[in-house]
Amino acid sequence: NDLRVAVVGAGLMGADHVGRIATTIAGATVAAVVEPDGARRAAALDLAPGAAGFADLDTALASGVVDAVLVATPGQFHEEALLKVLAAGLPVLCEKPLTQDPDSSWRVVEAEMAGGRQLIQVGFMRRFDREYEELRKVVAAKPAGELVMLHARHRNASVPESYVQTMLINDSVVHEFDVVPWLAGGVVTSVEVKYPRRNSRSPEHLREPILVLMELDNGVLVDVEMNVSIEFGYQVETEAVFERGVARIGEPAGLQMWQQGRFSVADHGDFTTRFREAYDRQVQAWVDAAKVGTIAGPSAFDGYKVAVCCAAGVRALETTGPVPVELPEMPAFYAERG
Ligand code: ISE
């Protein structure tokens, strides 16, 4: 039987997921689109014939047509939606971030633990990118020795007017706070932000690019260039430095073109294409796991840890030198479930 999914939020990501579930994912259908904005809701419903439209989540959950929920609203609405879905006892894939601050993330973790079942998977899709997966295997198998450093580059062509300074951390570097410990097998112990010369073409209210330095408890040092006005395209690359070699992921791939004295390879414009396959694999893994009552990716506790790192990162935007990150022990509830 198909898993009947309600997609909550029909903005850029929500609509993308509706189309994905309707066309690409096996074993699931879009049963409901929950979106207060009528025009957006209608546009998403066009992508999923047969789905029902709802203006609010309560009505959708009460309708009896929903087996699982994909939350793709803006981050400030995640806590409320997650608590409702947990109360209904349904599996949920929540777009990043889990919530926007450590306190609300912890409330979600507590509510999940109180229910006695792990229902939440957080949508940190980079863990489903094939190259990230491969690099993680290289880190574990050590063919070139131990991992020493990661140089990460996270570049966006541009960002909307609504993108404010703290979003450099909470919206963008949030991905590195999840994927770096997963990749490097350590825990973040401090975050520092350094400012190079400001890009004169950045929106007036932003001071960027920034360089984020992360220290891990296993000694691995990580630098992340976060850049949101680079114009040429969307680029997420990592160079891993080992004791006896280096590895790179995220380089442009595909058609190479020689023309008029130039050599070129097309690059991505935004994350929807750069990570399309990762999103597909993430949602498929979530659907398959939800059907057997488990999750297949980052947990709510992972989401909480990222929220703690982001809070330190936001402080680091205004602080000279490293800001310590203190994470609690993983509760037995999560440790036992892996
Ligand atoms: C956006 O929300 C994302 O998740 C993208 O992956 C990231 O590159 C971008 O900076 C964010 O605004």
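All residue numbers refer to positions in the sequence shown, counting from 1. Counting convention: from 1, in listed order, for ligands and their atoms alike. Source: prediction; values computed, not measured.
Between the side chains of E79 and T99, not a single donor N or O lies within less than 3.5 Å of an accepting N or O. With hydrogens and angles left out, the side-chain atoms of S229 and E208 include a donor and acceptor closer than 3.5 Å.
Sorted by first and then second residue, the ring pair (Phe, Tyr, Trp, His ring centres under 6.0 Å) pairs involving residues 66-112 (not counting sequence neighbours) are W106-Y304.
With sequence neighbours left out, the salt bridge (charged side-chain N to carboxylate O under 4.0 Å, His left out) criterion links E237 to R153. Qualifying ring pair (Phe, Tyr, Trp, His ring centres under 6.0 Å) partners for F333, counting only residues two or more places apart in sequence or in other chains: none.
Between the E215 side chain and the T189 main chain, no donor and acceptor come within less than 3.5 Å of each other.
For ligand 1, the protein residues within 4.0 angstrom (heavy atoms only) are K96, H154, N156, Y163, D171, S172, H175, Y234, F271.
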